[in-house]
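Everything below concerns the one structure shown next.
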Amino acid sequence: MASIALGQMRRRPAAFAGLAVALLLAVAVLTLFGSLVAADATAPPAAGGRAADHGPGLMVIAGVFGEIAVLVAFFVVVNTLGFALRRQHRELALLRTIAATPRQARRMVRGQLVATTLLVAPPGWAVGWAAARRFLAALQRRGLAAPEVRVPGAPVVTVVAPVTLAVVLVVGLVAAAVAARRITRIAPAAALAASSTEHARTGAIRLVAGAGVLAGGGLLLRLAATRPLEEADKAGQATLLGALVLLVAVALLGPLVARVLAAVLGAPVRALAPGTGWLADANLRGYARRLSSAVVPVALLVGLSGTMSIMTSTAQHAAAAATNSATSATDIWLRQAELALLACFAAVSTVNTLVAVTAERRREFALLRLVGATRTQLTRMLTVEAVLTTVVGVLFGAAVTAAATGAFSVAVTGSPLPYVSSAACAWIGAAAAMLTVPAILVTGLRALRGPATEGAAGRD
């Protein structure tokens, strides 16, 4: 199975490119914050005291700042890994039909994950170590870390790097086991049939889990809203964690809600474009799981970026009348840095997912061409689908942002109405569109290349 796993990676490197980028970022983020912890642990005793006099210690900053970033990194890894396996669903099903056992299929998936992780670990360590040095320098310029504190070399190599690799491998292997479960638990013939179809209904277990996660996110936001003003930093962390939990609920309940939204938004589209609009609407409603998979990363981008941006602007306005303006300015700077990091992760997740979702439709496009659809008609259909996907994702993300920032505003200002910068929100929406529409169109046009007969036969 090892030779087959590596052969798949050599034959279809593009299918693993997104997973490699997500794993590299996860390794880099863990290395970044692990290096900061190592810098604090190896700093002279007097240095830690002087830094604490001017604000939170380096260990506190690394823990608070890295908590959400690491969770988002793993969210992106799990999401991307699922799509890397989906692109191999047909091949794995064919292996099952020629006597490959479920254990062998799972072993192949694990081998691919381990090989990809080992490949990206060295550059991930280097990126994380360099980012830790730059971040520490920025903290020192703002008086949040003593000048003599340094990111150590030996502890990073001997402790941080192995721990980072072990954590990423454990998370990845668990995600691989979950992702491979569907194809390995059913009969080979059923697995082959399932590779080209999707369930029409959302399972009861998924609905119950989604409702439970949704309730958990609501409890976290309630906790954030009840924090006193002097604990605004804790309210901010609870708000971000609550927003992330709500986004997980969106992922679980997405197929059901996305189908309803697509039906509502599809009505005017069918009226404006009777041909391609009808086909695009039918695709989105008929493949609700695929639509949900496409809109979740868009919602992640909009939800996290919007929440961070509005939290920052609300805290900035609240700090204008506060006496501890220096501390507030520090918190605002940290939030802006965290916003940049989270936006980077969300952008990577969006592009990876949309490219994977669109690329796996090559056979579908080929069959449409064989029954008379032209490339121009399919391009128009993809354009409509891309716009609808963007709108649905932005609506999901905006709903999460509204709930999260309302709770934070209650804690900071006493009002459920946060300060909203219309320009920042417009930029976030435009960024979502600029990532979503080109990713779908460019990948779709690439999938339309070549003879339709080859695409219908499932050849790459």
Side-chain angles (χ1 to χ4, degrees), residues 15-26 29 68-87 175 179 210 213 217 240 243-255 257-258 261-262 284 287-309 339-361 382 385-401 404 427-444:
F16 297 89
L19 177 61
V21 173
L23 287 170
L24 186 147
L25 287 176
V29 167
I68 300 298
V70 171
L71 289 175
V72 173
F74 286 144
F75 183 90
V76 173
V77 168
V78 172
N79 189 54
T80 309
L81 177 61
F83 281 102
L85 292 184
R86 276 185 58 176
R87 296 190 69 175
V213 174
L240 284 176
L244 185 58
V245 172
L246 289 181
L247 287 168
V248 174
V250 168
L252 292 170
L253 300 175
V257 183
L261 281 177
L284 294 179
Y287 291 86
R289 287 181 182 271
R290 185 172 68 195
L291 173 61
S292 175
S293 300
V295 302
V296 164
V298 181
L300 178 71
L301 173 64
V302 174
L304 290 181
S305 300
T307 299
M308 287 294 303
S309 177
L339 170 60
L341 182 61
L342 294 181
C344 176
F345 273 115
V348 169
S349 177
T350 300
V351 174
N352 281 348
T353 303
L354 293 175
V355 168
V357 168
T358 308
E360 69 179 6
R361 299 175 63 187
L382 282 171
E385 289 185 10
V387 172
L388 286 177
T389 299
T390 303
V391 173
V392 174
V394 169
L395 288 176
F396 278 160
V400 171
T401 298
W427 275 110
I428 292 172
M434 286 187 292
L435 286 173
T436 304
V437 176
I440 293 177
L441 288 181
V442 171
T443 309

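FYI, the numbering just counts along the sequence from 1. Quantities reported herein were computed from a predicted structural model and do not represent experimental measurements.
Interatomic distance, CD1 of Ile440 versus OG1 of Thr390, reported as 6.0 Å (0.5 Å rounding). Of the inter-residue distances, the one linking Leu244 atom CG with Thr307 atom OG1 reads 10.0 Å to the nearest 0.5 angstrom.
Here the side chain of Thr350 pairs a donor or acceptor atom with the backbone of Pro297 at under 3.5 angstrom.
Val400 approaches Ala243 most closely through the heavy-atom pair CG1-O, 3.7 Å. The nearest pair of heavy atoms linking Thr389 to Ala294 is CG2-CB, 3.9 Å.
Just one of Leu300, Ile428, Thr401 meets the side chain to side chain contact (heavy atoms under 4.5 Å, CB included) condition when paired with Ser305; it is Ile428.
A heavy-atom distance below 4.5 Å is found between the side chains of Leu354 and Thr436.
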Between Val296 and Leu247, is the side-chain contact (heavy atoms from CB on, under 4.5 Å) condition met? List the steps. CA-CA 8 Å; Val296 164; Leu247 287 168; over 6 Å; no

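Residues passing the side chain to side chain contact (heavy atoms under 4.5 Å, CB included) test with Leu24 are Val120, Pro123, sequence neighbours excluded. Applying the side chain to side chain contact (heavy atoms under 4.5 Å, CB included) test to Ala432 and every residue at least two apart in sequence or in another chain returns Val298, Leu301, Val302, Val394.
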